[in-house]
Amino acid sequence: MINDSLRQLLRHHLAWWGLRRFASDPDYFAWQRQQFSPDDLKQLAWHVERKREGDRHDEIAFYDLAAHPKIFPVLYSQRYDYYEAIAPRVAAHCGEATSILDFGCGLGILTSFCAHMFPKKSFVGVDRSSASIAVAREQADRLGLRNLRFDCMDGDAQRLSGCYDLVVATHALLQAEHDPGLPSRSWRTFERGPESAPQLSFEQRTGLGRRLDNLIEVLCSGGRMILFEKTRQLARRVPFQRALAARGLQPLEPLIPIRYYSVEERVDDGPYYWLQRGNQKGIAWDESPEPDEGHPFSSETIALRTDPERPLYENHWPSAQAAWEQLVDREVLAETTRQQLDGRQVHVERGQLPGFQYLYCANTFDQRQLVIVEQARAAMLEVYYEEILRGLF
Ligand SMILES: C[S@@+](CC[C@H](N)C(=O)[O-])C[C@H]1O[C@@H](n2cnc3c(N)ncnc32)[C@H](O)[C@@H]1O
């Protein structure tokens, strides 16, 4: 789907915006230091912190500052790979629509790329950062785009108007990055209970419910949606999907987990949702953990170990649960289950199998860990077990 000419067009577009691609942190930060004074950096760091800790005013203040012409090329260059991962996918779907809304469009980097690609389609970008919208309008004028309008409005407090057959929201609906989401029913399972109160609470405290209701109001009958949010952790993906399902949205194609780099940092993001409202033929929602890199415990996996200092077997992925369940002849030597103050339930267990010792750790936010060592190294797991216990109090 992402062909070379589309990629070239996008790179040209990003360069026009002043974005640069960096693969190394030292190179990126050297460029950042050339562009920003120490005072600029201090001010930015302060706003980043306020955005993390504060309310919507702090978030708006951050995006207003980030829209400054001296600042945005440097900050948004960290998102270069993100645009490469997302923009061609969004553009490919714009061809099937006539009127497109980009909610939380920021500076309109993505919106202007799509509007440029499809001059016959009409695009509207909305954002609550007035400085971002001012830049978006100015740049659309400079690009000579006549099929694109930008409105400044807060989708939490004001009602959107119009009717769109494609609604796009990328990194705009579920900004509360530190919200852990919805815990599973117990440490033994990845399943979430059916109760509506925790779901409602999630939608309210993150603002997701208000934003989605607003978007649904302006989605034409049979209209489609592209959503891309930080919902890779199951505890956030499940309530996100339940919010979508409750509003009649269903995936039109399997969800696409996306990996990109923010300079050197690997980001596992998404998934990319391509949805339609009221489509009976859509794909059923899936609430299970995504396939991971863990292996079952077997003589073959033990044989794969190359470093004798390392345990015989380690699995730090959700699949560690299936591996632990496979240990049918295990004997539990010590175990503790704790309910923590934030509601998280944690279980830690140490035990033995013929010839081996194991340690298993599981919690209600889908973290799993299974470590297996030879009998002779049992003391190592005892120490590890005690360390985990100390961390629980
Ligand atoms: C991380 S930026 C993403 C910008 C753009 N969608 C992209 O992918 O590059 C998030 C944007 O969403 C906007 N936003 C968040 N909540 C909003 C709301 N309730 N109404 C309008 N804009 C909102 C912010 O102001 C910010 O510009």
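Start at 1 and go down the list; that is how both ligands and their atoms are numbered. Everything quoted here is computed from the prediction, not taken from an experiment.
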Legend entry - Arg232 vs Arg237 side-chain heavy atoms within contact, under 4.5 Å: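 A side-chain contact is absent here, since even the closest heavy-atom pair is not under 4.5 Å.
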
Inset, instruction - With heavy atoms only and a cut-off of under 4.0 Å, state how Ala169 meets ligand 1: side chain, backbone, both or neither. - result: neither

Inset, instruction - Tell me which part of Tyr76 gets within contact of ligand 1: side chain, backbone, both or neither, using heavy atoms under 4.0 Å. - result: neither

When only distance counts, is [X] in polar contact with ligand 1, meaning an N/O pair under 3.5 Å?
| X | result |
| --- | --- |
| Asp102 | no |
| Leu110 | no |
| His171 | no |
| Tyr82 | yes |
| Asp156 | yes |
| Tyr83 | yes |

Legend entry - Presence of salt bridge, Glu229 and Arg236, under 4.0 angstrom: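 Not counted as a salt bridge, because no side-chain N and carboxylate O are separated by less than 4.0 Å.
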
Legend entry - Side-chain H-bond candidate by donor/acceptor type, Thr336 with Tyr385, under 3.5 Å: yes

Inset, instruction - Please state whether Phe228 comes within less than 4.0 angstrom of ligand 1, counting heavy atoms only. - result: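 Contact check Phe228 vs ligand 1: negative.
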
Legend entry - Sub-4.0 Å heavy-atom approach of Glu59 to ligand 1: yes

Inset, instruction - Find the distance between CG (Asp151) and CZ (Arg137) and round it off to the nearest 0.5 Å. - result: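 Asp151 atom CG to Arg137 atom CZ measures 6.5 Å (nearest 0.5 Å).
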
Inset, instruction - Evaluate whether atom NE2 of His47 has more than 12 neighbouring non-hydrogen atoms of other residues, nucleotides or ligands under 6.0 angstrom away. - result: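 Correct, the count exceeds 12.
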
Legend entry - His316 atom NE2, neighbour heavy-atom count above 12 within 6.0 Å: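 Result for NE2/His316: enclosed.
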
Legend entry - Cationic tip of Arg330 above Trp324 ring, under 6.0 Å, 45° of axis: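 Yes; both conditions hold, so Arg330 lies above the ring face of Trp324.
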
Legend entry - Distance filter under 4.0 Å to Met153 heavy atoms, resulting ligand 1 atoms: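 Once the distances to Met153 are compared, the set is 20 (N), 21 (C).
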
